[in-house]
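In what follows, a single structure is set out as structure tokens and then discussed.
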Amino acid sequence: MDYQLIALIAIMAGTVLLVVKQRLWWGPGGSVSPYHQVFSSGAAGLLFFVAGVIGWDLKYSRGWFQGTRWVDGPIWWEIALGAALLLVAFALARRVPERPMSR
């Protein structure tokens, strides 16, 4: 068994639980505006979805466009991640409160 991988997954899960419990991320009382949540999720989702469809492998990316490579077909994990992030952006967009129109 690879104990380093198990330890890494445990640390990642602990960090996510701590962030959610302390509402350090996008919580109802957080300082991040709802528009920021929607645009961030949507931009990341579009990046991964389009990159996966056109075959641009972002797995080994370092910085801006360094370490990326082209592959022959679509990259399914990038497409799935992009679609999931776009669904999150859509769900967050529906929760943005409407502002009354000013005259």
Side-chain angles (χ1 to χ4, degrees):
M1 261 187 138
D2 190 7
Y3 294 109
Q4 291 177 340
L5 179 62
I6 293 172
L8 177 65
I9 292 171
I11 290 171
M12 289 168 54
T15 303
V16 168
L17 287 174
L18 178 68
V19 166
V20 169
K21 182 176 168 94
Q22 298 297 322
R23 295 181 188 220
L24 296 174
W25 204 11
W26 298 341
S31 63
V32 178
S33 78
Y35 296 105
H36 182 265
Q37 297 172 11
V38 172
F39 289 131
S40 297
S41 300
L46 280 175
L47 171 71
F48 280 104
F49 188 80
V50 172
V53 168
I54 64 175
W56 191 30
D57 191 5
L58 300 175
K59 187 185 297 184
Y60 303 107
S61 177
R62 302 179 314 273
W64 288 101
F65 308 114
Q66 296 175 353
T68 59
R69 60 187 171 112
W70 293 96
V71 297
D72 290 334
I75 304 167
W76 294 108
W77 71 268
E78 286 181 5
I79 294 172
L81 179 60
L85 285 170
L86 287 171
L87 286 173
V88 167
F90 180 74
L92 288 172
R94 293 187 51 86
R95 292 178 42 195
V96 172
E98 288 188 28
R99 296 171 57 179
M101 303 255 319
S102 62
R103 293 187 184 244

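It should be emphasised that the depicted structure is a prediction, and the values quoted were computed from it without experimental measurement. Side-chain atoms are counted along with the backbone in the values below, which use heavy atoms only and exclude waters and symmetry mates.
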Hey, can you pull the donor-acceptor pairs under 3.5 Å for the side chains in residues 80-88, sequence neighbours left out?
none

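- Sorted by first and then second residue, the salt bridge (charged side-chain N to carboxylate O under 4.0 Å, His left out) pairs with a member in residues 36-58 read Asp57-Arg69; sequence neighbours excluded.
- By the side-chain contact (heavy atoms from CB on, under 4.5 Å) test, Ala51 is found to be paired with Trp56, Leu58, Glu78, residues two or more places apart in sequence or in another chain being considered.
- Nearest approach of Ser41 to Leu92, heavy atoms of both residues: OG-CD1, 3.9 Å.
- Taking all atoms of both residues into account, the shortest heavy-atom contact from Gly42 to Ala89 is N-CB, 3.5 Å.
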Which atom pairs, one a donor and one an acceptor, fall under 3.5 Å between side chains of residues 70-77 and the rest of the protein, sequence neighbours left out?
none

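- Applying the side-chain contact (heavy atoms from CB on, under 4.5 Å) test to Tyr35 and every residue at least two apart in sequence or in another chain returns Ser33, Phe39, Val96, Arg99.
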